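Fair warning: this is a prediction, and the values are worked out from it, not measured in the lab. Every heavy atom of this structure was used, including side-chain atoms; hydrogens, water molecules and symmetry mates were not.
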Amino acid sequence: MSIDPNAGHAPKEDQLANLPRLVARYYSERPDASNPAQQVSFGTSGHRGSSLKTSFNEWHILATTQAICDYRYNESIGGPLFIGMDTHALSEPAFISALEVLAANGVEVRIDAGCEETGGEPGYTPTPAVSNAILNHNDGLITGLADGIVITPSHNPPTDGGFKYNPTNGGPAGGDITKWIQNRANELLEAELEGVRRISYQEALEAPTTQPFDFIDSYIQGLDKVIDMDAIRKSGRTFAVDPLGGAGVHYWPRIAKHFDLPLEVLSTTVDPTFRFMRLDWDGKIRMDCSSPHAMAGLIENKDRFDVAFACDTDHDRHGIVTRSNGLMNPNHYLAVAIEYLFTHRPNWGEQMAIGKTLVSSSMIDRVAEGLGRTVTEVPVGFKWFVDGLTDGTLGFGGEESAGASFQTFDGKAWSTDKDGIILGLLAAEITAVTGDDPGERYQKLTEKYGAPVYERIDAPADREQKAKLGKLTPEQVTADTLAGHPITRILTEAPGNGAAIGGLKVETDAGWFAARPSGTEDVYKIYAESFEGEAHLKQLQQEAKALVDGVLAG
């Protein structure tokens, strides 16, 4: 992976999205239902695309929303549907399209009530706020269960749009659900939307089934059930948060005020061009709070605060910047969070396990062993943690891509989707309670368990190549060694649940690599970890890329 020379710098005017063109093409273009690149396609978290590529247009959203209505009918889901959107330019047009269909189908919908900053118009809603609202509504119910839609392409560039469905468990929909919705939506596209019910947006807003819901208040009122706000308030430390212009932009000032926290909100700007972001590794604007290039601005100010943090556009991911070490590697913070939570949540049951993805650091396994806790290792995708968080068998579920959630103090589900807000606040709690920031805590873990070196790199891959990579078998790996060590295991299924990983993991006693296609962009990802240092890690990455490129070329 070559780093763009402009990475970490502010974008130039000619690099900003043309918003009028983006929105115009949302309405003007019609997808070709026979073209796979223009069909509805649910990846690891919903359908994503761009109106400029005819992969995220009005027809996609109308068809997908009708498919969700049909799914709800078939499954007898009769409660309200909570819907939220982020600050990407295509999110509000998609929100309008979705509401027109939901109201026409008689679905009881809860939309954001708006706030002073939005002039009373429906505002922006983080993914975890939707999940939390679903769980709160469904608590103790057997019938009349709620579900939700979140309109977001996560941290993707400003020209992208995204649309995902959260069923009654509050988490990302599983593959069986998304496949049904995807297939039904594409049937409707092929039928040129025949079968899609729709009324005007004004009629939809005025429909008795459309009701405002105060997502902000509902979410914030419960935060002290999951985070020790008293410890943060009394810490005498200084903390900061940058919403990166995302869906939590109006949440953070209220969190700070409601709990009287020493928390400075660095920006409340909403600009769908995201011109305030630093360019990511490839020279694109991307709200990736785990990227040192995208987070360069916050890193430059690390000495101003004990801990600062940021979230991506829908606030389901976190980035932690410490005074001691700067931006933390997501794997490092996951290990710190796990070690802290399982020693500072006395009401969590002794049998509560730790959920990690197949491509997360083995440091987590070492920490878990030290805690006497079981690790459940699953494929990439937060959906694999939902059942465990719901039934309480998991206390924590986390992904290497800086997404995680954990239980309340009483061991109940808070959000069954990723929650960047509580992971940011947890960094402040850790600092307040222990006196060490998370970077210092990780250093102590390495002194106890060793210091593996881990990195993820991306390489270009088109849709056909990504499909090929997702269907790899162990037999396609003919090598006996990797970076100078005998291969001990080749995985295409996760040990924790036997589910296909959608890629490949190759292990040795000295390190490992995993390769899988991105569910959100035209790249494939290589994850690698070495127990022998940086030079060995580079060798692992080189051999992994050569192996994968050889398979893709074959």
Looking only at non-hydrogen atoms, find the nearest pair between [X] and [Y] and report the distance.
X	Y	value
P128	D314	CD-O, 3.8 Å
N169	L135	O-CD2, 3.4 Å
Y124	P126	O-CD, 4.0 Å
V336	P438	CG2-O, 3.5 Å

Quick one: does any side-chain atom of [X] pair with a main-chain N or O of [Y] as donor and acceptor, under 3.5 Å?
X	Y	answer
H258	R254	no
Q351	T393	no
D147	T168	no
R48	P153	yes
Y333	L423	yes
R286	H155	no
S267	D242	no
R237	G435	yes
R366	Y449	yes
D417	D316	no

Taking C-beta and beyond as the side chain, do L358 and P495 meet within less than 4.5 Å on heavy atoms?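 SC-SC contact between L358 and P495 confirmed.
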With a 4.5 Å limit on heavy-atom distance, are the side chains of T431 and S235 in contact?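 Result no, sub-4.5 Å side-chain heavy-atom pair not found.
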Does one side chain, of [X] or [Y], offer a donor that lies under 3.5 Å from an acceptor on the other?
X	Y	result
W414	D419	yes
E400	Y454	no
S361	E529	yes
T273	D271	yes
D86	S91	yes
E440	S324	no
T408	D410	no

Passing candidate, side chain to side chain donor-acceptor pair (under 3.5 Å) with D312, options S291, S154, S401, S290: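 Exactly one candidate clears the test, S154.
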Below 4.0 angstrom, N of the basic side chain to O of the carboxylate: do K302 and D437 qualify?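 No, this pair does not count.
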May I ask you to say whether E339 pairs ionically with K444, meaning some side-chain N is under 4.0 Å from a carboxylate O?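 A salt bridge is absent here (no side-chain N lies under 4.0 Å from a carboxylate O).
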Cation-pi, W512 ring and K505 (6.0 angstrom, 45 degrees):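 Because its charged atom sits under 6.0 Å from the ring centre and within 45° of the axis, K505 does stack over W512.
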How long is the straight-line distance from [atom2] of [Y] back to [atom1] of [X], given to the nearest 0.5 Å?
X	Y	atom1	atom2	answer
L223	I422	CG	CD1	8.0 Å
S218	F82	OG	CZ	7.5 Å
T313	M287	OG1	CE	4.0 Å

Could you check V367 against M363 for side-chain contact (heavy atoms from CB on, under 4.5 Å), going step by step and ending with a plain yes or no? CA-CA 6 Å; V367 168; M363 175 62 92; 4.2 Å; yes
Could you go through Y165 and T178, starting from their C-alpha distance and side-chain angles, then the distance that decides it, and tell me whether this counts as side-chain contact (heavy atoms from CB on, under 4.5 Å)? CA-CA 8 Å; Y165 175 64; T178 57; over 6 Å; no
Kindly state whether the ring of F396 and the ring of W348 have centres lying under 6.0 angstrom apart.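 No, ring centres 6.0 Å or more apart.
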Please indicate whether E369 has more than 12 foreign heavy atoms, meaning atoms of other residues, nucleotides or ligands, lying under 6.0 Å from its CD.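 Incorrect, the count does not exceed 12.
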For atom CD of E116, is the number of surrounding heavy atoms from other residues, nucleotides or ligands below 6.0 Å larger than 12?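 Check fails, neighbour count at 12 or below.
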Evaluate H88 against F274 for ring pair (Phe, Tyr, Trp, His ring centres under 6.0 Å), listing each step before the verdict. CA-CA 9 Å; H88 275 79; F274 294 92; 5.5 Å; yes
Which class fits the ring pair F382 and F385: parallel under 30°, tilted 30 to 60°, perpendicular over 60°?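 Taking F385 first and then F382, their aromatic rings stand perpendicular (interplane angle over 60°).
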